[in-house]
Amino acid sequence: MRNHSSITTFIILGLTNDPQLEIVVFIFLFFTYLFSVLGNLTIIVLILVDPHLKTAMYFFLQNFSFLELSLTTACVPAYLHTILSGDKTISIKSCFIQIAFIDIVGATDFFLLAVMSYDRYVAICKPLHYVTIMNRRVCRNLIICCWASGVLVISPPLGLGLNLEFCGSVINHYYCDASPLLKNSCSDTWIIEQLVIVSAVLIFILTLVCVAVSYISIIRMILRLPSVQQRKKAFSTCSSHLIVVSISYSGGIFMYIKPSAKDEVDMNKVVSLLTISVAPFLNPFIYTLRNKQVKQSFHNTLKRFAFFSKKH
């Protein structure tokens with residue numbers, strides 16, 4: 001029997017039902033989110049104010065930090081509020097808004113990683129033409145294309161999902177995700193499930209091919225360099241991006257490409273937690289700790305701020 005007319009809210013089960021473990025989860029998520037915000041905002045502001053960081057690479061890094069900050073903000077604060085208040089309900093409208101935002105930002109994130117790999121290819125393989133090829137207009141258009149691609153790929157399954165009728169109200173996750181949402185539907189979800197798979201494959205395969213082609217060309221160029229010092233310098237310019245790519249694709253492929261059995265729900269939650277919370281926390285450190293220019297910019301900005309404070 002369909003009782004979808006009575007379903008107005010969903011119940012978010014969260015990561016655990018154990019009150020003591022929930023406190024540990026809250027502390028962990030609170031501090032990872034806090035440092036994610038501080039780290040990503042620091043990168044965004046530094047690139048905004050420092051004229052030495054006005055290159056294509058840092059422009060893309062700034063946008064990547066914004067996406068990472070948006071992704072974690074869409075999930076973590078809401079779940080922290082749920083733990084504090086004990087209110088596990090979320091309206092259907094809010095649930096769909098959360099799904100749409102997370103999926104669009106997540107898809108755009110992968111397209112931007114592909115663009116950043118192309119940027120590294122141009123920097124290493126065509127250094128003399130880098131400024132000309134990766135000019136401001138091209139960079140701006142590439143960012144627009146990333147967002148447009150994310151919206152276009154996610155829109156078909158999302159649009160069909162708005163017409164679903166629901167008989168169940170329990171979402172076995174700590175935020176609204178497509179897979180547990182579809183399990184609550186009494187409508188036929190076969191078409192939507194196939195579109196979700198196609199969308200995921202398009203996002204991962206297309207962007208992964210772009211990343212792979214770029215890095216194959218980069219590796220070939222690095223191997224042609226005559227000295228070990230030149231090879232190390234060339235590799236260091238793309239090592240941070242390569243680490244972030246590895247983290248993003250490994251987590252993403254596990255969650256969206258690999259079929260999920262019922263006994264693997266908890267594992268999917270953990271992997272999702274790493275992608276939504278831990279990765280945005282680590283990424284600023286990966287880029288700053290391995291980037292002398294960003295570290296120097298940070299020190300210079302702190303000195304200017306200290307001088308300004310003393311003056312006033």
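Note that these values count all heavy atoms, side chains included, but never hydrogens, waters or copies made by symmetry. Worth saying up front: this structure is predicted, and the values here are computed from it rather than measured.
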Minimum side-chain heavy-atom gap Ser149-Leu206 below 4.5 Å
no
Shortest non-hydrogen contact between Arg140 and Phe59, atoms and distance
N-CE2, 4.1 Å
From Ile222 CD1 over to Gln230 CD, what is the distance, rounded to the nearest 0.5 angstrom?
11.5 Å
Show your working on side chain to side chain contact (heavy atoms under 4.5 Å, CB included) between Thr9 and Ile90 and close with a plain yes or no.
CA-CA 5 Å; Thr9 59; Ile90 183 172; over 6 Å; no
Look only at the side chain of Asn40 and the backbone of Pro280, and say whether a donor-acceptor pair between them is shorter than 3.5 Å.
yes
Note: Met134 and Val122 closest approach over all heavy atoms is CG-CG1, 4.1 Å
If we ignore hydrogens and angles and just use 3.5 Å, is the side chain of Lys88 paired with the main-chain N or O of Phe10 as donor and acceptor?
no
Taking the side chain as every heavy atom from C-beta outward, state whether Tyr174 and Ile83 have any atom pair closer than 4.5 Å.
no
Rounded to the nearest 0.5 Å, the CG atom of Leu208 sits from the OG atom of Ser117 at a distance of 9.5 Å
Are Ile203 and Ile154 side-chain neighbours, meaning at least one heavy-atom pair lies under 4.5 Å?
yes
Okay, side chain of Ser185, backbone of Leu181: is any donor-acceptor separation there less than 3.5 Å?
no
Does some side-chain heavy atom of Asp177 sit less than 4.5 Å from a side-chain heavy atom of Ile99?
no
Hey, does the side chain of Asp119 reach the backbone of Val115 with a donor-acceptor pair shorter than 3.5 angstrom?
no
Identified side-chain contact (heavy atoms from CB on, under 4.5 Å) counterpart of Val37 within the set Thr32, Thr72, Leu69
Leu69
Side chain to side chain contact (heavy atoms under 4.5 Å, CB included) between Asp50 and Tyr58, worked out
CA-CA 11 Å; Asp50 195 328; Tyr58 295 111; over 6 Å; no
Rounded to the nearest 0.5 Å, how far does SG of Cys238 lie from CE of Met57?
10.5 Å
Which atom of Arg120 lies closest to which atom of Thr237, heavy atoms considered
CD-O, 3.3 Å
Could you tell me if the ring centre of Tyr175 sits under 6.0 Å from that of Tyr79?
no
Treating Lys269 as the side-chain partner and Gly14 as the backbone partner, does any N or O pair qualify as donor plus acceptor under 3.5 Å?
yes
Say whether, by atom type as modelled, one donor and one acceptor occur between the side chain of Thr207 and the main chain of Phe204 under 3.5 angstrom.
yes
For the pair Lys54 (side chain) and Ile47 (backbone), establish whether a donor and an acceptor sit closer than 3.5 Å, ignoring hydrogens and angles.
yes
Between the side chain of Ser91 and the main-chain N/O of Ser94, is any donor-acceptor distance below 3.5 Å?
yes
Distance-only, no hydrogens or angles: does the Ser199 side chain make a donor-acceptor pair with backbone N or O of Val153 under 3.5 Å?
yes
Working to the nearest 0.5 angstrom, can you tell me the gap between Lys233 NZ and Ile124 CD1?
11.5 Å
Is atom OH of Tyr215 surrounded by more than 12 heavy atoms (other residues, nucleotides or ligands) closer than 6.0 Å?
yes
Do Pro284 and Phe35 touch side chain to side chain, with heavy atoms closer than 4.5 Å?
no
Side chain to side chain contact (heavy atoms under 4.5 Å, CB included) between Leu164 and Ile192, worked out
CA-CA 10 Å; Leu164 290 175; Ile192 298 176; 3.6 Å; yes
Test disulfide (SG to SG under 2.5 Å) applied to Cys210 - qualifying residues, sequence neighbours left out:
none
With distance as the sole test, does Ser187 use its side chain to make a donor-acceptor pair with the main-chain N or O of Glu165 at under 3.5 Å?
yes
Less than 6.0 angstrom separating the ring centers of Phe110 and Tyr249, yes or no?
yes
I need the Gln194 CD to Leu160 CG distance, nearest 0.5 Å.
12.0 Å
